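Numbers restart at 1 for each chain; the letters A, B, ... are given by sequence-line order, proteins then strands. Note that the structure is a prediction, hence the values are computed from the model and not measured.
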Number of protein chains: 2
Amino acid sequence: MEQKELSHYLKKLREAVRRRGLKHSQQREAILKVLYNAACHLSPEQIHQEVKKECGSVGIATVYRTLAFFEQEKLVCTIFFGNEGKKYELNRGGHHDHLICIECGKIVEFFDDELEKLQERIAKDAGFELLSHQMNLYGRCRECSAVSCQRS
Amino acid sequence: MEQKELSHYLKKLREAVRRRGLKHSQQREAILKVLYNAACHLSPEQIHQEVKKECGSVGIATVYRTLAFFEQEKLVCTIFFGNEGKKYELNRGGHHDHLICIECGKIVEFFDDELEKLQERIAKDAGFELLSHQMNLYGRCRECSAVSCQRS
DNA sequence: TTATGTGCAAACTCTTTGCATTACC
DNA sequence: GGTAATGCAAAGAGTTTGCACATAA
C-alpha cells in the first residue's frame, strides 16, 4: 500500500471541518500529526502526552473530543485491546487485524484476504449484513516464546 | 455440544477452591448459578443485580473479586464488546465467536472450524504461538436490515 | 481459633460535561 | 462580532482497595 503524506490527511481533516460548518483549530491538526507520526496504536493518554510536546498546553478533554470527531469522520480507527482499553490509529485506508503478544505487548498487523472472505460468508449464513469486524489474536511472539523455552 | 448440569460447574468451582487452599462461600456459588442460568453475556453490574435477587445483600466488590477468580480458573470467558465493555459468560467448553447487531444489540454465537484453522495459520506465519483470540463481527441482523429497508 | 471472604465506603482511573475564556472566520 | 473550540475543574461511570466484621474449616 502506498504511503500517503501528512498533507493528504490534513486536507481530509479540513474538508470534514468545512463540511460540518466548523472552525479550524491548531489542536485538531496537532493531534492528527501525532497520529500520523505514531509507529503504533496510541491511547488517549499517550496522544495527550505527545500533543503537549508540540502544542504546549492542550487539555485531555480536547483530545477526547477530537478523537470522537475523528472517529465519526473515519479519520481514525479504534481498536479495543482487551484490558488495555481503546486505542487509536490513523485510518490509512488499509483494513487489517492484529496479533498481540501477551508477554511483551508487541502488536503485529496483518491482512488476510481469505479471512475477510470467510467472515463475509459467516455473516451471510447468519443473516447478517456485515459492516465491520475486529479480530485480535493473542499469543506469544517468536522472541518471547524463545525466552520462555530458556526458562523452562 | 452436550449441555452439562449446574452440578458439574459447582464441582469444578469446589475443586478450584480446594486446589488453592481457599474456603467455600455462598456468594461464589450464587454467582456461578447466575452465570449458568444466563441466556447471554452479562456485565458485572447485571450479574450483581441477578445475584442480589437470590442472595440478599451482595457487594459489587464481591462480584468483581469473584469474576477475577473465575477468570483465572477459566470458569468463565471474558468478552470485550466495543464500547459496552467487558462481559462474562460461563465457560461451557465450546469456544465460539460473536456476531453483534449494531442496531438492536443482539449477539449471535458461532463457531467455524475453517476460521479456527485459518487463525492458526496466520499466527504461525507471523511466528506467534497462538493462545487465544477474539473475533467480533459487527453488522445488521436480518430483522434490523428489513426495518431499515422499509424506512428508506 | 485462625485465615479467608464479605460488605461497605473511599479511592482510583478513565471519560464526559459545564462554563468562562480564547481563537477562528 | 458571533460562534465554535479550548482548558480547566468538577462530575460521572466503572473498577479496585482498605478495613472491620462475618464465616468457613
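- Comparing D/dA9, C/dT15, D/dT15 against the side chain of A/Pro44 picks out C/dT15 as the nearest.
- Separating the CZ atom of A/Arg14 from the P atom of D/dA4 is a distance of 21 Å, rounded to the nearest angstrom.
- Nearest-nucleotide positions on DNA chain C place B/His24 closer to the 5' end than the other of A/Tyr64 and B/His24.
- If you check the side chains of B/His41 and B/Gln46, you find no donor sitting under 3.5 Å from an acceptor.
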What's the verdict on side chain to side chain donor-acceptor pair (under 3.5 Å) for A/Gln27 and A/Arg65, showing C-alpha distance, side-chain angles and the deciding distance?
CA-CA 11 Å; A/Gln27 286 86 339; A/Arg65 283 187 279 236; over 6 Å; no
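- Side-chain proximity of A/Gln27 to the nucleotides C/dT6, C/dA9, D/dG7 is greatest for D/dG7.
- In this structure, the nucleotide among C/dA9, C/dT6, C/dG5 sitting nearest to the side chain of B/Lys23 is C/dG5.
- OP1 or OP2 of D/dT6 lies within a sub-4.0 Å distance of a side-chain N or O belonging to A/Ser25.
- As rounded to whole Å, 15 Å separates atom P of C/dT16 from atom NE2 of A/His48.
- Across the protein-nucleic acid pair, A/Leu13 atom CG and D/dA4 atom P stand 17 Å apart, rounded to whole Å.
- The main-chain N or O of B/Asp97 is never found under 3.5 Å from a side-chain atom of B/His133 such that the two would form a donor-acceptor pair.
- Taking the ring centre of A/Phe70 as origin, the terminal cationic atom of A/Arg28 falls outside the region bounded by 6.0 Å and 45° from the ring axis.
- Counted by atom type alone, B/Ser145 and A/Glu129 present one or more donor-acceptor pairs between their side chains at under 3.5 Å.
- A/Ile60 places its CD1 atom 9 Å from the C1' atom of C/dT15, with the value rounded to the nearest Å.
- Across all strands shown, A/Gln26 has heavy atoms under 4.0 Å from sugar-phosphate atoms exclusively, and none from any base.
- In this structure, A/Glu29 places its CD atom 12 Å from C1' of C/dC24, rounding to the nearest Å.
- Distance B/Phe70 CZ to C/dG5 C1': 13 Å, rounded to the nearest Å.
- Straight-line distance from the CD1 atom of A/Ile47 to the C1' atom of C/dT15: 14 Å, rounded to whole Å.
- Toward the 5′ end of DNA chain C lies the nearest nucleotide of A/Lys86, the other residue of the pair A/Arg65 and A/Lys86 mapping further downstream.
- The side chain of B/Leu22 lies closest to C/dG5 when the candidates are D/dT6, C/dG5, C/dG7.
- Mapping A/Ser57 and B/Ala61 onto DNA chain D by nearest heavy atom places A/Ser57 closer to the 5' end of the strand.
- Candidate nucleotides D/dA5, C/dT2, D/dT17 were compared by shortest atom distance to the side chain of A/Arg28, and D/dA5 ranks first.
- As rounded to whole Å, 13 Å separates atom C1' of C/dT16 from atom CG of A/Leu67.
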